[in-house]
Enquirer: 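Handing you this structure, nothing more for now.
Values below: all heavy atoms of this structure, side chains included; hydrogens, waters and symmetry mates excluded. All chains are named by letter (A, B, ...) in the order of the sequence lines, taking the proteins before the strands, and each is independently numbered beginning at 1. Fair warning: this is a prediction, and the values are worked out from it, not measured in the lab.
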Amino acid sequence: MKRVLIAICLAMCAGAAEADDLVAGLSQDIIQITSNYTGTDIVAFGAIENMNVMTAAGPLDIVVAVRGPDADITVRKKERVAGIWLNNHGVVMRAIPSYYYVASTRPLSAIAPEDTLRRYELGLDLVEPDSTTARTPAIAEPYRQALVRHKLIEGLYNENAGGVEFLSPTLFRARVPVPADVPRGQYNVQVYLFRDGNVVSAQSTPLYVDQTGLERRLFNFAHQEPFAYGISTVLMAAALGWLSSLVFRRIT
Amino acid sequence: MEIYLPIAEMSVHWLLLFGVGGAVGFLSGMFGVGGGFLLTPLLIFYGIPSGVAVATTTSHVTASSMSGALAHWRNRAVDLKLGAVMTVSGIVGTGVGVWLFGLLREAGQMELIVSASYVILLGTIGTLMLRESLETLAASRRGEQAPSARAQHHNWIHGLPLKMRFRDSRLYISVIPPVLIGFTVGVLSAIMGIGGGFVLVPALIYLVRVPANIVMGTSLLQIIFVTASSTILHSVSDFTVDIVLAGILISGGVIGAQLGVRMAARMRGEQLRFWLAVLVLAVGARLLYGLLVSPGDPFSTSVDAP
């Protein structure tokens, strides 16, 4: 949450200082998960408005970062104890994004120095939890790396250097993949305009991912009336069991 | 072909899961076991979160047991009184099991405890059953009268107090063994997402000496109620039952279970026990392998409940 606030604040400050340097939007600002949802792509697009920025010296770069709702994630490490592999140590990553995608016009390391990237948490190496249960950051680091690795495999974290393309000297767009098993909640899409390794403008747009229709109703049912939900599941099971027995007796 | 699961919060290939449910249901109808000991590991392997896999499997077991039990009921192969005694103790067991499940999940050791208890249970029971069924098979091949599992003299169980008469099973025994067996199966059901048939069937045959033709129907009867209780308790305590996933698995499962019961009617008892023993040992060996061989990636992640 901390970095989102910083980013929003920066965006507003930058916006106040150099009004409408950058405008950005999304192809859709709400993703509705229905029963046949198998993942989708959204497009973040925008334009650089201020011609003073355009004509000033130094290369221009756009970075688009999408962060899912924060979650507490426990990373455990298996170790061999008396010949058996068991979870021996665990580190809780508090408030780490459940989804993270960053696209840029060039490799991030070529756009800005590491200090700057770290401040905005841009890049898979720099995604950090707010805090961990490990005694020192050095102890937590291999656990954080394991988490990033797992998220990459699940398609929930990704980094795409070259994922932002310029359609004209001022117009740009980036495709953001949203896989099938994304967590629900509020996402933030942040667009940064870099010049000479510094953020000159930034804009933040919320994106909502939510279940709708039957899925939504079932989810609410399970959480609001869990006892009735459990009974319903059992009744469904018993009815299907009985029905099959009846049908098969007719057949044979 | 893809369908989104509202509780697991992921989309799955429904036809594949329908087939998995059917295959497990077939085995469950054939052997009179719930099949949860196969389904839970299969779902986890598919990528369903382990909490959802355990809780949802219990409802699949309810359905396939229901289907199987009705078939046995029509063959008059159910001891209602014995079933009732074990059901009551089993439901108490599920309460304890769901509580333990929560503790283990917090400690991060659920996976280990589940695997280790599977290995011990499956290994012991599988070995006992395999030995017994091989002896019977060998004896019948020599043309001898197979020594009946029941025809042995009194064991220590007959020394216990609180005797009760179970007429359908032609037994006059202490109520303590069925109560303990029922309770244990209840605990296992909640922790492992199983019905416990693979514990129940051998325990009833070898310890309580229930006639083999009564065992299947009676154990299925108890399993229906124990797994129903597990499903409800999991729904209430950790919201891990996915009704859409349950529907897919059950639809396949009940069809498979009916076919399995018909298959079982054509096979001989000792052959059935031999193949169940082989299946039980194979699953146990696979889980032991997982505990002993170094994992490809020692790290695992789990999202904490908010």
Enquirer: Go through the atoms of Pro142(A) and report whether side chain, backbone, both or neither lie under 4.5 Å from a heavy atom of chain B.
Expert: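 For Pro142(A), the contact with chain B is made by backbone and side chain together.
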Enquirer: For residues Thr233(A) and Ala246(B), report the shortest heavy-atom separation together with the two atoms involved.
Expert: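 Here Thr233(A) and Ala246(B) meet closest at CG2-CB, 4.2 Å.
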Enquirer: Between Leu235(A), Val234(A), Val182(A), who has the most heavy-atom pairs with chain B when the cutoff is under 4.5 Å?
Expert: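 Top option by heavy-atom pairs under 4.5 Å: Val234(A).
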Enquirer: Measure His150(A) against the heavy atoms of chain B and call it side chain, backbone, both or neither at under 4.5 Å.
Expert: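 For His150(A), side-chain heavy atoms alone lie under 4.5 Å from chain B.
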Enquirer: Got a donor-acceptor contact below 3.5 angstrom from the Arg216(A) side chain to the Pro6(B) backbone?
Expert: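 Between the backbone of Pro6(B) and the side chain of Arg216(A) there is no qualifying donor-acceptor contact (under 3.5 Å).
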Enquirer: With a 4.5 Å heavy-atom cut-off, do Val254(B) and Leu243(A) have their side chains touching?
Expert: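 No, their side chains stay 4.5 Å or more apart.
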Enquirer: At a heavy-atom separation under 4.5 Å, does Thr34(A) approach chain B through its side chain, its backbone, both, or neither?
Expert: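 Thr34(A) touches chain B through backbone heavy atoms alone.
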Enquirer: Can you check whether Leu259(B) reaches Phe248(A) side chain to side chain, under 4.5 Å on heavy atoms?
Expert: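 A side-chain contact exists here, since the closest heavy-atom pair is under 4.5 Å.
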Enquirer: Given heavy-atom pairs under 4.5 angstrom as the criterion, report whether the side chain, backbone, both or neither of Phe221(A) touches chain B.
Expert: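 Answer is neither: Phe221(A) stays 4.5 Å or more from chain B.
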Enquirer: Check this for me: Trp99(B), atom CH2, are more than 12 non-hydrogen atoms of other residues, nucleotides or ligands nearer than 6.0 Å?
Expert: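 No, CH2 of Trp99(B) has 12 or fewer neighbouring heavy atoms, counting only those of other groups under 6.0 Å.
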Enquirer: Using non-hydrogen atoms and a 4.5 Å limit, figure out which bit of Ile231(A) sits close to chain B: side chain, backbone, both or neither.
Expert: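 Contact with chain B involves both backbone and side-chain atoms of Ile231(A).
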Enquirer: Just so I understand: if I count every heavy-atom pair under 4.5 Å between each of Ile3(B), Leu292(B), Thr231(B) and chain A, which residue has the most?
Expert: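 Most heavy-atom pairs within the cutoff with chain A belong to Leu292(B).
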Enquirer: Enumerate by number any residue of residues 54-62 of chain B whose heavy atoms lie under 4.5 Å from heavy atoms of chain A; in the absence of such residues, state 'none'.
Expert: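 Checking residues 54-62 of chain B against chain A gives Ser59(B), Thr62(B).
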Enquirer: At what distance, to the nearest 0.5 angstrom, does CE of Met10(B) lie from CD1 of Ile33(A)?
Expert: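 These two atoms lie 12.5 Å from each other.
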Enquirer: Would you mind checking which part of Ala238(A) comes under 4.5 Å of any heavy atom in chain B, side chain (CB onward), backbone (N, CA, C, O), both or neither?
Expert: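 Both parts, backbone and side chain.
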Enquirer: Considering only residues two or more places apart or on different chains, which pairs with a residue in residues 2-22 of chain B satisfy ring pair (Phe, Tyr, Trp, His ring centres under 6.0 Å)?
Expert: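 Checked against ring pair (Phe, Tyr, Trp, His ring centres under 6.0 Å) - neighbours excluded - no pair reaches residues 2-22 of chain B.
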Enquirer: Provide the closest heavy-atom pair for Phe239(B) versus Ala222(A) in the form atom of the first, atom of the second, distance.
Expert: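 For Phe239(B) and Ala222(A), the tightest heavy-atom pair comes out as CD2-O, 3.3 Å.
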Enquirer: Taking Ala237(A), Ser232(A), Ser98(A) one by one, which has the highest count of heavy-atom pairs under 4.5 Å against chain B?
Expert: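 Most pairs with chain B among the choices: Ala237(A).
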Enquirer: Kindly give the heavy-atom pair with the smallest separation between Gln258(B) and Ser245(A), and that separation in Å.
Expert: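 Taking Gln258(B) first and Ser245(A) second, the nearest heavy atoms are NE2-CA, 3.2 Å.
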Enquirer: Return each pair, listed once, that meets ring pair (Phe, Tyr, Trp, His ring centres under 6.0 Å) where at least one residue sits in residues 216-235 of chain B; pairs must be two or more places apart or across chains.
Expert: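 Only Phe101(B)-His234(B) qualify under ring pair (Phe, Tyr, Trp, His ring centres under 6.0 Å).
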Enquirer: Verify the neighbour count for atom OH of Tyr46(B): are there more than 12 heavy atoms of other residues, nucleotides or ligands below 6.0 Å?
Expert: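 Buried by this count: over 12 neighbours within 6.0 Å.
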Enquirer: Measure Arg217(A) against the heavy atoms of chain B and call it side chain, backbone, both or neither at under 4.5 Å.
Expert: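 It is neither, since no heavy atom gets under 4.5 Å.
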Enquirer: Around Met263(B), counting heavy atoms of other residues, nucleotides and ligands shown, do more than 12 lie under 6.0 Å from its CE?
Expert: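 12 or below, so no.
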Enquirer: Compare all side-chain heavy atoms of Phe219(A) with those of Ile7(B) and state whether any distance is below 4.5 angstrom.
Expert: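 Yes, their side chains come closer than 4.5 Å.
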Enquirer: Here's a test for you: under side chain to side chain contact (heavy atoms under 4.5 Å, CB included), which of Arg149(A), Arg76(A), Lys78(A), Gln145(A) qualifies with Phe299(B)?
Expert: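 Result for side chain to side chain contact (heavy atoms under 4.5 Å, CB included) with Phe299(B): Arg149(A).
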Enquirer: Just to verify, what does Glu141(A) make a salt bridge (Lys or Arg N to Asp or Glu O under 4.0 Å) with, not counting sequence neighbours?
Expert: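 With sequence neighbours excluded, Glu141(A) shows a salt bridge (Lys or Arg N to Asp or Glu O under 4.0 Å) to Arg144(A), given in chain and number order.
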Enquirer: Tell me which of these, Gly230(A), Pro226(A), Gly39(A), has more heavy-atom pairs under 4.5 Å with chain B than the rest.
Expert: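 Greatest number of close heavy-atom pairs with chain B: Pro226(A).
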Enquirer: Distance-only, no hydrogens or angles: does the Tyr229(A) side chain make a donor-acceptor pair with backbone N or O of Ile243(B) under 3.5 Å?
Expert: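 Yes.
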